[in-house]
Amino acid sequence: KNSFLDEINKQYVVTARAKGLTEKRVLYGHVFRNAMLLVIAGFPSALIGLLFTGSVLIEVIFSLDGLGLLGFEAVMKRDYPVMFATLYLFTLFGLVLNLIMSPLNKRRMANFRANKRGYWSLMLFSVMFVICLVAELVANDKPIFVKFDDNWYIPILSDHPETAYGGDFDVQTDFYDPYILGKIKEHGFAIWPPIPFSYETIDFQMREAQPAPPSSRHWLGTDDLGRDVLARLIYGFRISILFGLALTIISSVIGIAAGAVQGYFGGWLDLGFQRVIEIWSGLPQLFILIILASLFAPGFGTLLFILVL
């Protein structure tokens, strides 16, 4: 709002109106574009704050399987490899945002490319982000494709009873069942993801004490329940990044629209709107989250709506 007010009172706005430009052209073509520079410059810091604090606080309260909850559980259980892995991912994400998203750093991109550590950190984050977007193809307890006789199935997209794979019962298929695996191998083949475990899959076939160290079966080991740590990192990274991005974008859109309306009309609308914002901002967010968590079923959409308020 303050940025909008500063721009609308500048001399170039008066000149544009004197030239006969429409009010819509003046506002959207000149004032709004210049006022957005300050908002865009503050976008990275807002996203980082929402991502870090939101991931740990919100995921613990609502029991969401994100990167924040994984790191919190690792700290409580003194699981140092997982704890440092989550810390590394948060730090990498914050570093990349600070380097590439601020318009003040556009002139420094050449120096950034010369900085090999920063450049390869960006490449590493980009690869990790793409991998987490297709997490079901990378880490899953179901095959990607199954050929059984003359039929092709995609278990990661649709569920089929085990009778489709030569089983005896019309129930959900357990692809870890040796009998089902034998039938598939006898009548066709299955293409598995590189990590044959989902974030909630418990490996009952392990004979080692849990949590287990890294091995060829579990590349980063397992947690105390026998779940694959790498699979949980991939899925948790996706939830944390997408939640932080969605919350920041939606909040920015609503805030920009509200600030523009206040700045343009001013008067009692500006004063009344600002008082409402100040009262709402002064409320203890932690207690509000706890109260709303007891009223609504926890979920990604529900939590996003609560925090946008």
Side-chain angles (χ1 to χ4, degrees), residues 55 58-59 62-70 73 89 126-206 210 215-223 225-247 249-250 296-305:
S55 291
I58 305 306
E59 290 172 15
F62 286 86
S63 298
L64 296 178
D65 290 322
L67 201 61
L69 179 61
L70 181 64
E73 291 178 346
L89 292 177
S126 302
V127 171
M128 292 168 58
F129 185 63
V130 171
I131 290 175
C132 80
L133 290 179
V134 292
E136 286 77 10
L137 299 177
V138 178
N140 209 318
D141 55 2
K142 299 177 181 178
I144 301 175
F145 295 106
V146 174
K147 184 182 184 298
F148 193 88
D149 290 335
D150 295 329
N151 299 316
W152 284 88
Y153 300 98
I154 308 178
I156 62 173
L157 297 180
S158 58
D159 293 327
H160 301 279
E162 69 173 33
T163 53
Y165 308 105
D168 300 325
F169 303 102
D170 190 16
V171 296
Q172 186 176 0
T173 306
D174 180 9
F175 288 99
Y176 288 104
D177 187 346
Y179 179 76
I180 298 297
L181 292 176
K183 285 290 185 179
I184 293 176
K185 187 176 181 180
E186 180 181 350
H187 294 269
F189 60 88
I191 301 177
W192 284 83
I195 305 172
F197 303 97
S198 185
Y199 67 94
E200 57 184 0
T201 304
I202 299 177
D203 189 359
F204 293 103
Q205 300 180 10
M206 292 195 64
Q210 307 297 341
S215 62
S216 59
R217 184 176 178 83
H218 298 280
W219 298 349
L220 293 182
T222 63
D223 61 7
L225 296 179
R227 298 171 297 188
D228 189 82
V229 170
L230 182 56
R232 292 179 63 78
L233 276 174
I234 293 173
Y235 280 89
F237 186 72
R238 180 173 65 178
I239 291 178
S240 299
I241 298 301
L242 293 181
F243 185 86
L245 286 173
L247 181 59
I249 292 173
I250 296 175
F296 301 99
F300 188 92
T302 305
L303 181 58
L304 186 62
F305 172 75

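Values below: all heavy atoms of this structure, side chains included; hydrogens, waters and symmetry mates excluded.
Nearest heavy atom pair, residue Leu230 against residue Leu220, reads CD1-CD1, 3.6 Å. Between Phe148 and Ala164, the closest heavy-atom pair is CD2-O, 3.5 Å. When all heavy atoms of Pro193 and Pro143 are compared, the pair lying nearest together is CD-CA, 4.3 Å. Scanning both residues, Ile180 and Gly167, for their nearest heavy atoms gives CD1-CA, 4.0 Å. Shortest non-hydrogen contact noted between Asp228 and Trp219 is OD1-N, 4.3 Å.
We find the CD-CZ distance between Gln205 and Arg217 to be 5.0 Å, quoted to the nearest 0.5 Å. Atom CD of Glu186 sits about 13.0 Å away from atom CG of Leu181, to the nearest 0.5 Å. Of the inter-residue distances, the one linking Glu200 atom CD with Arg232 atom CZ reads 9.0 Å to the nearest 0.5 angstrom. For the atom pair Leu157 CG and Phe145 CZ, the distance stands at 8.0 Å (nearest 0.5 Å).
Side-chain contact between Glu162 and Phe175: absent, with no pair of heavy atoms (C-beta onward) separated by less than 4.5 Å. Within the 4.5 Å cutoff, no side-chain heavy atoms of Phe197 are placed close to those of Thr222. Tyr199 has its side chain out of reach of Asp141: every pair of non-hydrogen atoms, C-beta onward, lies at least 4.5 Å apart. Within the 4.5 Å cutoff, no side-chain heavy atoms of Phe189 are placed close to those of Ile184. Side-chain contact between Leu233 and Phe237: absent, with no pair of heavy atoms (C-beta onward) separated by less than 4.5 Å.
The number of heavy-atom neighbours closer than 6.0 Å to CG of Asp150, taken from other residues, nucleotides and ligands shown, is 12 or below.
Side chain of Thr163 to backbone of Asp170: no donor-acceptor contact under 3.5 angstrom is found. The main-chain N or O of Lys185 is never found under 3.5 Å from a side-chain atom of Lys183 such that the two would form a donor-acceptor pair. Of the possible polar contacts, one joining the Tyr235 side chain to the Ala139 backbone as a donor-acceptor pair under 3.5 Å is found.
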Residues Phe129, Leu242; criterion side-chain contact (heavy atoms from CB on, under 4.5 Å); working and verdict: CA-CA 10 Å; Phe129 185 63; Leu242 293 181; 4.3 Å; yes
side-chain contact (heavy atoms from CB on, under 4.5 Å) for Val146 and Trp152? Distances and angles first, verdict last. CA-CA 6 Å; Val146 174; Trp152 284 88; over 6 Å; no
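The side chain to side chain contact (heavy atoms under 4.5 Å, CB included) test with Asp203 is passed by exactly one of Gln210, Arg227, His218: His218. The side-chain hydrogen bond (donor to acceptor under 3.5 Å, both in side chains) test with Lys142 is passed by exactly one of Asp159, Thr201, Thr173: Asp159.
Side-chain rings of Tyr176 and Phe204 stay apart, their centers remaining 6.0 Å or farther from each other.
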